[in-house]
Amino acid sequence: MQLYGKPTSINVRKVLWTLAELNIEADFIPCGSGFAPIDTAEFRQLNPNALVPVLVDGDFVLWESNSICRYLVRKYGHPTLSGGDLQQMAKVEQWMGWQACELNPAWRYAFMALVRQHSAFTDPVAITQSTQQWQQKLHILDNALAQSGAYICGADFTLADIVLGLSLNRWLQTPLTDRLQLPHLQAYQALLAQRAAAQRFCFNGIA
Ligand SMILES: N[C@@H](CCC(=O)N[C@@H](CS)C(=O)NCC(=O)O)C(=O)O
């Protein structure tokens with residue numbers, strides 16, 4: 001298998017972390033901004049969106065990070081990573097969908113401004129709005145962790161913790177002036193940081 005991507009990408013790191021939890025190796029092909037170009041006709045044959053990650057498994061090509069993680073777990077098998085029973089699987093899917101569709105759009109402006117320092121993201125009002133929306137979403141996560149007690153779906157570590165752990169790391173690494181105190185997120189970070197794969201691909205100093 002080959003994994004196309006850049007080690008700084010939160011979406012690529014989801015896949016790298018999943019591979020590590022499964023003890024599976026893939027050839028890593030560095031590409032994306034700062035690495036080999038992906039806005040090329042050749043790369044668009046792999047992913048017409050010109051985005052990473054992309055997994056190539058023989059003749060099979062797959063993009064979208066969450067789909068790649070689920071594919072890997074189903075292909076190699078794991079009793080709990082994608083959820084044990086029907087309802088737990090649904091909860092894992094729920095949090096993965098929430099991270100992609102609700103949480104990610106909230107942080108984008110603030111992150112691009114404060115971490116990437118991108119010239120197109122300099123409006124202070126938009127930075128404040130994005131920060132507030134981001135932290136409102138994290139408040140939801142903090143409350144959910146208060147209920148779940150350990151990992152987001154209960155006693156077992158799942159794919160949902162991989163995508164949420166990377167999101168949590170992004171928030172912690174972003175220099176916010178008005179960071180909310182969210183105690184359950186702090187405990188969650190400490191729990192996830194016990195995993196060797198989390199140290200390599202999540203809490204590794206990269207936002
Ligand atoms: N929904 C996609 C988003 C992928 C995405 O936005 N990838 C970014 C990196 S995080 C990218 O490829 N950016 C273009 C580049 O780096 O050149 C997924 O989850 O895989």
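None of these values were measured; they are calculated from a predicted model. In each ligand, atom 1 is the first atom listed, and ligand 1 is the first ligand listed.
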What's the separation between atom [atom1] in [X] and atom [atom2] in [Y], rounded to the nearest 0.5 Å?
X: Leu16; Y: Phe28; atom1: CG; atom2: CZ; answer: 5.0 Å
X: Leu185; Y: His139; atom1: CG; atom2: NE2; answer: 9.5 Å
X: Ile140; Y: Gln135; atom1: CD1; atom2: CD; answer: 12.5 Å
X: Leu138; Y: Leu103; atom1: CG; atom2: CG; answer: 5.5 Å
X: Lys14; Y: Cys69; atom1: NZ; atom2: SG; answer: 7.0 Å

Under 3.5 Å, which donor-acceptor pairs do the side chains of residues 107-119 form with other protein atoms, sequence neighbours left out?
from, atom 1, to, atom 2, distance (Å)
Trp107, NE1, Asn104, OD1, 3.1
Tyr109, OH, Thr122, N, 3.3
Tyr109, OH, Asp123, N, 3.1
His118, ND1, Ala120, N, 3.1

Pocket residues of ligand 1, ordered first by chain and then by residue number (heavy-atom cut-off under 4.0 Å):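 Correct list: Lys6, Ser9, Asn11, Gly32, Ser33, Ile38, Leu51, Val52, Pro53, Glu64, Ser65.
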